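Here is the structure we will look at, set down as structure tokens.
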Amino acid sequence: MEYTIQKLAHLAGVSTRTLRYYDEVGILKPKRLSSSGYRIYGSKEVDRLQQILFYRTLDLGIDEIKQILFDPSYDELNALTNHYHKLLEKRAQLDLVIETIKLTISSKKGEKQMSNEEKFKGLKQQMIQENEEKYGDELRQSYGDERIEAANKKFYHLSEETFQEMNELGENILNQLSVAMKSHDPQGELAQEVAKMHHRWLMYTWPSYSKEAHAGLAQMYVADERFTAYYDDAIGKGAAQFLCDAILFYTSYEK
């Protein structure tokens, strides 16, 4: 079966402008042009559009989608399976946030007392979701879905006391990093103590430790401007690079 651009747009719930844009950027070309110059789409193009829209629901950008679809190793069945599992995860996250909001509304109305545990669960789930939206793609590409899911699960099950300890250690790392930077020596005693603290901080969520993974994360701090900004904005320009250098030395000599 073939579709004009108007019919396909109606079928998929998108605008004809969107389909023209997909044609322009090269991720969805029509099957052919009619004698009048109109775009005509076939079943293969419908399937491709479905894939694109699946990825859009996961908040992937057009450039990312194009890279995935034109990867020589792209497998449609595997892609569909991954879509399915990721959407289930996203639904579970949203369901928990929605339930927390409902409980909060009931609590504010005086209809139900919301426990601190319920508030805390919702907060952690929201933090996981925000982290996934900001850094999920990069982290999963570097460490794999299994490791990231395990880290998210470990974080979600932190007790309130342990969660507080983790946050306090994170603040202490920033404070001590600021002091260590004044030495201008990432291999010095102060800097290496910061790297050791960073190691401890990671273990609140990491299922296991490896020097290679620690070093890889440190390099990501300077390779990705969003990670760099976190440290540089909090402490000053060069903080992310200094921490990276300190961790690279630490992981080379850590016993």
Side-chain angles (χ1 to χ4, degrees), residues 1-106 121-146 148-149 152-153 156 224-226:
M1 188 173 182
E2 294 186 336
Y3 298 87
T4 63
I5 190 170
Q6 289 86 0
K7 288 184 178 180
L8 181 58
H10 179 73
L11 176 69
V14 299
S15 67
T16 55
R17 182 179 179 181
T18 295
L19 294 180
R20 291 191 185 95
Y21 174 65
Y22 289 167
D23 184 3
E24 289 173 9
V25 298
I27 61 173
L28 181 64
K29 293 288 186 181
K31 177 180 180 181
R32 61 183 178 87
L33 297 179
S34 70
S35 57
S36 303
Y38 292 107
R39 293 174 175 85
I40 302 296
Y41 298 85
S43 59
K44 183 179 179 181
E45 290 70 39
V46 172
D47 289 345
R48 171 56 68 94
L49 178 58
Q50 182 190 44
Q51 290 292 313
I52 294 169
L53 296 180
F54 276 146
Y55 280 119
R56 293 297 291 146
T57 63
L58 297 174
D59 300 321
L60 295 187
I62 295 300
D63 289 340
E64 293 174 289
I65 295 173
K66 186 174 182 179
Q67 185 176 4
I68 292 170
L69 294 178
F70 286 93
D71 188 324
S73 63
Y74 176 76
D75 183 282
E76 185 175 357
L77 180 58
N78 286 338
L80 283 170
T81 303
N82 288 333
H83 289 325
Y84 174 71
H85 289 297
K86 287 183 178 181
L87 287 173
L88 287 179
E89 292 167 7
K90 193 171 184 179
R91 184 177 70 180
Q93 292 171 354
L94 287 174
D95 285 346
L96 184 55
V97 172
I98 290 170
E99 184 61 27
T100 302
I101 292 173
K102 284 172 60 179
L103 288 171
T104 303
I105 292 172
S106 295
K121 284 173 62 177
L123 171 65
K124 287 190 293 183
Q125 187 60 58
Q126 184 178 358
M127 292 178 69
I128 290 172
Q129 187 171 349
E130 290 174 352
N131 191 65
E132 283 283 352
E133 290 171 357
K134 282 185 178 181
Y135 312 116
D137 290 338
E138 291 79 5
L139 292 173
R140 288 175 182 276
Q141 184 175 358
S142 298
Y143 298 104
D145 289 339
E146 185 177 348
I148 298 304
E149 291 302 327
N152 287 343
K153 184 177 181 180
Y156 181 72
D224 190 308
E225 60 184 12
R226 294 168 302 171

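These numbers were taken from a predicted model, which means no experiment stands behind them.
- Shown here for Asp23 and Pro30, the closest heavy-atom pair between the two residues is OD2-CD, 3.6 Å.
- Every pair passing ring-ring contact (aromatic ring centres under 6.0 Å, His included) that includes a residue from residues 39-59 is listed here, sequence neighbours excluded: Phe54-His83, Tyr55-His83.
- Between atom CD1 of residue Ile5 and atom OG of residue Ser34 there is a gap of 11.0 Å, rounded to the nearest 0.5 Å.
- Residues Ile128 and Tyr156 come closest through the heavy atom pair CD1-CB, 3.9 Å.
- Contact record, Leu8 with Val46: CD1-CG2, 3.9 Å, taken as the closest heavy-atom pair.
- Geometric assessment of Arg39 against the ring of Tyr22 yields a negative cation-pi assignment under the 6.0 Å and 45° thresholds.
- The number of heavy-atom neighbours closer than 6.0 Å to CD of Gln67, taken from other residues, nucleotides and ligands shown, is 12 or below.
- A salt bridge links Glu2 with Arg32: at least one charged nitrogen is closer than 4.0 Å to a carboxylate oxygen.
- Rounding to the nearest 0.5 Å gives a distance of 14.0 Å between NZ of Lys44 and NZ of Lys29.
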* Determine, step by step, whether Thr4 and Ile40 satisfy the side chain to side chain contact (heavy atoms under 4.5 Å, CB included) criterion, reporting the C-alpha distance in whole Å, the side-chain angles of both residues, the deciding distance to 0.1 Å, and the verdict. => CA-CA 5 Å; Thr4 63; Ile40 302 296; 4.2 Å; yes
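- Side-chain atoms of Glu149 never come within 3.5 Å of backbone atoms of Glu146 as a donor-acceptor pair (strictly under, hydrogens ignored).
- Counting non-hydrogen atoms of neighbouring residues, nucleotides and ligands closer than 6.0 angstrom, the NZ atom of Lys153 reaches no more than 12 such neighbours.
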* Going through the distances and angles, do Ile62 and Arg56 end up as a side chain to side chain contact (heavy atoms under 4.5 Å, CB included)? -> CA-CA 8 Å; Ile62 295 300; Arg56 293 297 291 146; 4.3 Å; yes
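- Residues Ala9 and Ser15 share a closest heavy-atom pair of CB-C, 4.0 Å.
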* Asked: Given Ile52 and Leu69, is the side chain to side chain contact (heavy atoms under 4.5 Å, CB included) satisfied, shown in steps?
  -> CA-CA 9 Å; Ile52 294 169; Leu69 294 178; 3.8 Å; yes
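- Distance CG/Asp63 to CD1/Ile68: 11.0 Å, rounded to 0.5 Å.
- Arg48 and Leu28 make their closest contact through CG-CD1, 3.6 Å (heavy atoms, listed as atom of the first residue, atom of the second, distance).
- A 4.5 Å side-chain heavy-atom check between Leu11 and Leu49 finds every atom pair outside the cut-off.
- Within the 3.5 Å criterion, the main-chain N or O of Tyr38 finds no donor-acceptor partner in the side chain of Ser36.
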